[in-house]
Amino acid sequence: MNKGRLEAFSDGVIAIIITIMVLEIKVPEGEHLTTLKPLLPKFISYLLSFVYVGIYWNNHHHLLHAVKKVSGRMLWANLNFLFWLSLFPVAAGWMGENHFALWPVVVYGVVLFLAAVAYTILVIVLKKTDGEDSIVMHAIGNDSKGKISLTFYVLGVGLSFVVPWLGVLMYTIVACIWFIPDRRIEKAMREEGLL
């Protein structure tokens, strides 16, 4: 399998995830702006999740653009990553539906954490597949940004037991850290003369 097929499959799954997330927001009954108020928690949850999916899609695209070959291990690591992303609509919907109550916020944080772990595993597999001199190896390095994110997720889950909104704040901080696309891979590709 070539990496174009892998990327197309992943893009399709991610597009479906976004579609499912937006379908969780039901059309309000009524014509006044006040009918939108009950949708606010769902919309906030959707917005945060949409940003996360967008961040992962952007960085996933850069990762796959940088690799030279695809392995069976890479396919399974990618499926593992997509599995955790596919839980975003359920976790986000539950959190929004229950107005950021304790357990929905905790579960949302655990799903975010496991998606980040799966992404980290995918990066490790890509590094091993392409070898020590790969662009991914050169660009990502020890991935301190990824490690900081994992720490914030754990912190967010823990703080959710104190005040759930503190957990949501930690998850939002991670999204802000990654909102500006990760340029490490583009930079490494330019240095290699591939861009």
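Values below: every heavy atom of this structure, side chains too, minus hydrogens, waters and symmetry copies. Quantities reported herein were computed from a predicted structural model and do not represent experimental measurements.
Around atom NZ of Lys3, more than 12 heavy atoms belonging to other residues, nucleotides or ligands sit under 6.0 Å away. Heavy atoms from other residues, nucleotides or ligands lying under 6.0 Å from CG of Leu23 number more than 12.
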Donor-acceptor pairs are to be reported for all side-chain atoms of residues 87-111 against protein atoms at under 3.5 Å, with residues two or more places apart or in another chain.
unit_1 : atom_1 : unit_2 : atom_2 : d
Glu97  : OE1    : Lys42  : NZ     : 2.8
Asn98  : ND2    : Trp94  : O      : 2.9
Tyr108 : OH     : Ser49  : OG     : 2.8

Considering only distance and modelled atom types, tabulate donor-acceptor pairs under 3.5 Å from the side chains of residues 11-19, sequence neighbours left out.
unit_1 : atom_1 : unit_2 : atom_2 : d
Asp11  : OD1    : Trp57  : NE1    : 2.9
Thr19  : OG1    : Ala15  : O      : 2.9

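No continuous path of hydrophobic side-chain contacts links Val22 to Ile20 [ILVMFWY only; heavy atoms under 4.5 Å]. Cluster membership check: Leu85 does not share its hydrophobic cluster with Ile124, using side-chain heavy-atom separations under 4.5 Å among Ile, Leu, Val, Met, Phe, Trp and Tyr.
Annotation: salt bridge (Lys or Arg N to Asp or Glu O under 4.0 Å) contacts involving residues 153-178, sequence neighbours excluded, are absent.
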Q: Using the side chain to side chain donor-acceptor pair (under 3.5 Å) rule, take Asn80 and Trp76 through it: C-alpha gap first, then chi angles, then the decisive distance, then the call.
A: CA-CA 6 Å; Asn80 178 45; Trp76 283 110; over 6 Å; no
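Using the six-membered ring where Trp is involved, Tyr153 and Tyr52 have ring planes that are tilted, between 30° and 60° apart.
Remark: Lys127 pairs with no residue by the salt bridge (Lys or Arg N to Asp or Glu O under 4.0 Å) rule, at least two apart or across chains. Partners of Tyr56 under the side-chain hydrogen bond (donor to acceptor under 3.5 Å, both in side chains) rule, at least two apart in sequence or in another chain, do not exist in this structure. Ser10 meets the side chain to side chain contact (heavy atoms under 4.5 Å, CB included) test with Leu6, His60, Asn78, Leu82; sequence neighbours excluded.
Inter-residue side-chain proximity for Tyr119 and Leu114 is flagged as unmet; no heavy-atom pair is nearer than 4.5 Å. Annotation: side chain of Thr129 is not in contact with side chain of Val67 (no heavy-atom distance under 4.5 Å). Side-chain atoms of Lys128 and Arg73, non-hydrogen and from C-beta on, do get closer than 4.5 Å to each other.
Side-chain atoms of Asn59 come within 3.5 Å of backbone N or O of Ile55 as a donor-acceptor pair.
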